[in-house]
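Take a look at the structure below.
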Amino acid sequence: MSEKLAVVILNWNGKNWLEKFLPYVVRFSQNADINVIDNCSTDDSVQFLKDNYPSVRIILNNKNYGFAGGYNEGLKNVNNQYYCLLNSDVEVTENWIDPVLELFEKDLSVAAVQPKILSFNDKKYFEFAGAAGGLIDNLGYPYCRGRIFDDVEEDKGQYDDETEIFWASGCCLFIRSEDFWAQNGFDERFFAHQEEIDLCWRLINSGRKIFYTGKSKVYHVGGGTLNKQSAQKTYLNIRNNLSMMLKNLPFPKLLGIIFLRLCLDGFAAVYFGYKYGISHFWAFGRAHYSFYIQAAGTWKRRQKHQKDKFYQSKWLIFKHFLGSK
């Protein structure tokens with residue numbers, strides 16, 4: 001370890017993304033150690049790194065552990081004070097690190113920080129996965145400042161602030177290493193999707209803070225591993241969202257919320273099946289079945305205390321789709 005910050009990129013068959021975006025990371029991260037965790041890729045990613053980036057440390061996982069397990073396994077070998085967990089399909093910009101480290105050092109209660117995340121494909125707009133900081137409604141639906149469901153805002157400087165949020169996007173997640181390991185890292189059963197929300201929720205229940213800073217900016221392609229129309233992505237999002245609520249919602253409030261969500265998922269399954277195909281309809285059924293199978297283990301992972309007020313908006317789905325006030 002030579003620097004406070006370790007930039008850590010999880011790679012799985014992503015040589016094309018490394019070729020495109022790693023030069024920006026190297027150029028604009030001179031005061032950070034740069035690491036690539038390889039999740040047992042079958043392309044020539046590792047050889048590409050060895051041939052072209054000898055200064056980048058390569059950590060080899062012995063199998064594809066997914067996003068959650070891949071980071072948990074690889075980060076055992078990274079000892080810096082701060083981690084930046086960075087997707088391989090992210091273009092970083094000049095001075096993207098300093099504002100984040102300043103936030104950490106100004107407030108020791110801040111466990112994790114997210115920069116402004118804009119779309120690489122249309123740089124005037126926020127990107128779906130994180131935008132200007134993650135929030136959640138009273139039914140457990142995640143959304144962002146700058147993005148509600150599929151509606152994304154244009155960046156007009158409206159989120160150039162620094163403010164507390166509920167969750168920081170895993171596509172560019174700065175976190176204190178001691179906080180990451182105090183929570184035993186990501187829940188590896190999630191495999192991928194919403195594991196960062198679960199982690200942030202656990203941190204908040206432990207009395208820690210999650211922050212956003214508009215002084216740091218990155219551009220995210222999105223969908224590099226599973227695209228938006230993937231039934232597997234639908235499955236993981238639904239299953240993991242239900243598991244996350246069972247782990248983190250206060251009792252007995254969670255019983256009513258989860259029951260209502262299960263009902264709403266029935267309507268959502270029909271909608272997704274009609275819009276994206278029958279595989280998405282069945283993805284809901286598979287997600288619910290997997291949630292039930294894991295429920296006992298999920299319950300055992302609950303912390304001793306859960307904050308009663310966890311949401312920033314009420315009934316977001318009804319306000320958004322039905323136009324209610």
Side-chain angles (χ1 to χ4, degrees), residues 65-73 75 85 111-112 114 129-130 133-144 164-170 173 175-176 178-210 232-265 268 283-314 316-317:
Y65 289 93
F67 183 94
Y71 268 122
N72 284 359
E73 189 68 20
L75 287 173
L85 311 187
Q114 179 202 299
L135 304 173
I136 200 166
D137 87 334
N138 64 319
L139 293 180
Y141 287 110
Y143 66 104
C144 305
E164 191 169 358
I165 55 176
F166 188 81
W167 56 273
S169 172
L173 171 63
I175 188 167
R176 296 181 193 270
E178 62 180 348
D179 281 304
F180 184 85
W181 292 117
Q183 297 299 324
N184 296 312
F186 293 121
D187 187 333
E188 297 182 7
R189 300 172 313 155
F190 281 39
F191 190 78
H193 297 294
Q194 300 200 29
E195 65 288 304
E196 79 271 45
I197 306 177
D198 169 66
L199 175 59
C200 289
W201 202 336
R202 284 184 277 136
L203 286 165
I204 289 171
N205 279 337
S206 299
R208 306 293 285 155
K209 295 178 184 177
I210 316 299
Q232 182 67 5
K233 184 170 186 175
T234 298
Y235 160 75
L236 290 170
N237 273 320
I238 299 304
R239 184 198 67 179
N240 294 348
N241 186 259
L242 292 170
S243 294
M244 175 180 70
M245 290 192 292
L246 184 59
K247 285 175 65 177
N248 296 297
L249 281 169
F251 186 85
K253 179 180 290 187
L254 68 89
L255 298 176
I257 293 175
I258 289 181
F259 175 76
L260 184 52
R261 278 295 306 275
L262 291 172
C263 295
L264 289 171
D265 279 357
F284 278 81
R286 291 193 298 118
H288 282 207
Y289 177 76
S290 183
F291 166 68
Y292 298 139
I293 292 296
Q294 292 183 351
T298 302
W299 183 264
K300 290 179 181 178
R301 297 186 182 213
R302 284 173 60 84
Q303 295 168 308
K304 291 182 179 180
H305 304 287
Q306 289 79 30
K307 290 188 180 295
D308 185 58
K309 178 69 188 316
F310 62 92
Y311 56 87
Q312 290 75 31
S313 177
K314 282 189 172 183
L316 184 69
I317 192 169

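Side chains included, hydrogens not; waters and symmetry mates left out as well; all remaining heavy atoms used.
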Quick one: does any side-chain atom of [X] pair with a main-chain N or O of [Y] as donor and acceptor, under 3.5 Å?
X: E195; Y: H193; value: yes
X: W167; Y: G133; value: no
X: Q114; Y: S169; value: yes
X: Q312; Y: I136; value: yes

Nearest-0.5 Å distance, [atom1] of residue [X] to [atom2] of residue [Y]:
X: N241; Y: F190; atom1: CG; atom2: CZ; value: 8.5 Å
X: I258; Y: D265; atom1: CD1; atom2: CG; value: 11.0 Å
X: D179; Y: R208; atom1: CG; atom2: CZ; value: 4.0 Å
X: L316; Y: Y143; atom1: CG; atom2: OH; value: 6.0 Å
X: M245; Y: L254; atom1: CE; atom2: CG; value: 9.0 Å
X: F310; Y: F166; atom1: CZ; atom2: CZ; value: 7.0 Å

Do the non-hydrogen side-chain atoms of [X] and [Y] ever get within less than 4.5 Å of each other?
X: I257; Y: N138; value: no
X: R202; Y: L199; value: yes
X: N205; Y: H305; value: no

Point to revise | Donor-acceptor pair between Q183 and Q303 side chains, under 3.5 angstrom | key: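 Q183 vs Q303: donor-acceptor pair found between side chains.
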Would [X] count as a cation-pi partner of [Y], with NZ or CZ less than 6.0 Å from the six-membered ring centre and within 45° of the ring normal?
X: R286; Y: Y235; value: yes
X: R239; Y: F191; value: no
X: K309; Y: Y311; value: yes

Exercise for review: Starting from the C-alpha separation in whole Å, work towards a yes-or-no answer on side-chain hydrogen bond (donor to acceptor under 3.5 Å, both in side chains) for R189 and T298.
Suggested key: CA-CA 9 Å; R189 300 172 313 155; T298 302; 3.1 Å; yes
Write down the atom of [X], the atom of [Y], and the distance for their closest heavy-atom approach.
X: A168; Y: C200; answer: N-SG, 3.4 Å
X: F284; Y: T234; answer: CE1-CG2, 3.7 Å
X: N240; Y: Q194; answer: CB-CB, 4.3 Å
X: A112; Y: L173; answer: CB-CD1, 3.9 Å
X: I317; Y: D137; answer: N-OD2, 4.1 Å
X: I165; Y: L135; answer: CA-CD2, 4.3 Å

Point to revise | Contacts of type side chain to side chain donor-acceptor pair (under 3.5 Å), residue Q306, not counting sequence neighbours | key: R302
Exercise for review: Apply the test side chain to side chain contact (heavy atoms under 4.5 Å, CB included) to residues L203 and I175: give CA-CA distance (whole Å), side-chain angles for both, the deciding distance (0.1 Å), then the verdict.
Suggested key: CA-CA 11 Å; L203 286 165; I175 188 167; 4.0 Å; yes
Review point. Can I210 and W201 be said to form a side chain to side chain contact (heavy atoms under 4.5 Å, CB included), step by step?
Key: CA-CA 9 Å; I210 316 299; W201 202 336; over 6 Å; no
Check your understanding: Should the pair F186 and F180 be assigned to parallel (<30°), tilted (30 to 60°) or perpendicular (>60°) ring geometry?
Key -> perpendicular
Only pairs under 3.5 Å count here: list side-chain donor-acceptor contacts from residues 246-253, not counting sequence neighbours, and write none if there are none.
| unit_1 | atom_1 | unit_2 | atom_2 | d |
| --- | --- | --- | --- | --- |
| K247 | NZ | D187 | OD2 | 3.0 |
| K247 | NZ | D198 | OD1 | 3.2 |
| K247 | NZ | D198 | OD2 | 2.9 |
| N248 | ND2 | D198 | OD1 | 3.0 |
| N248 | ND2 | M244 | O | 2.9 |
| K253 | NZ | D308 | O | 3.2 |
| K253 | NZ | D308 | OD1 | 3.1 |

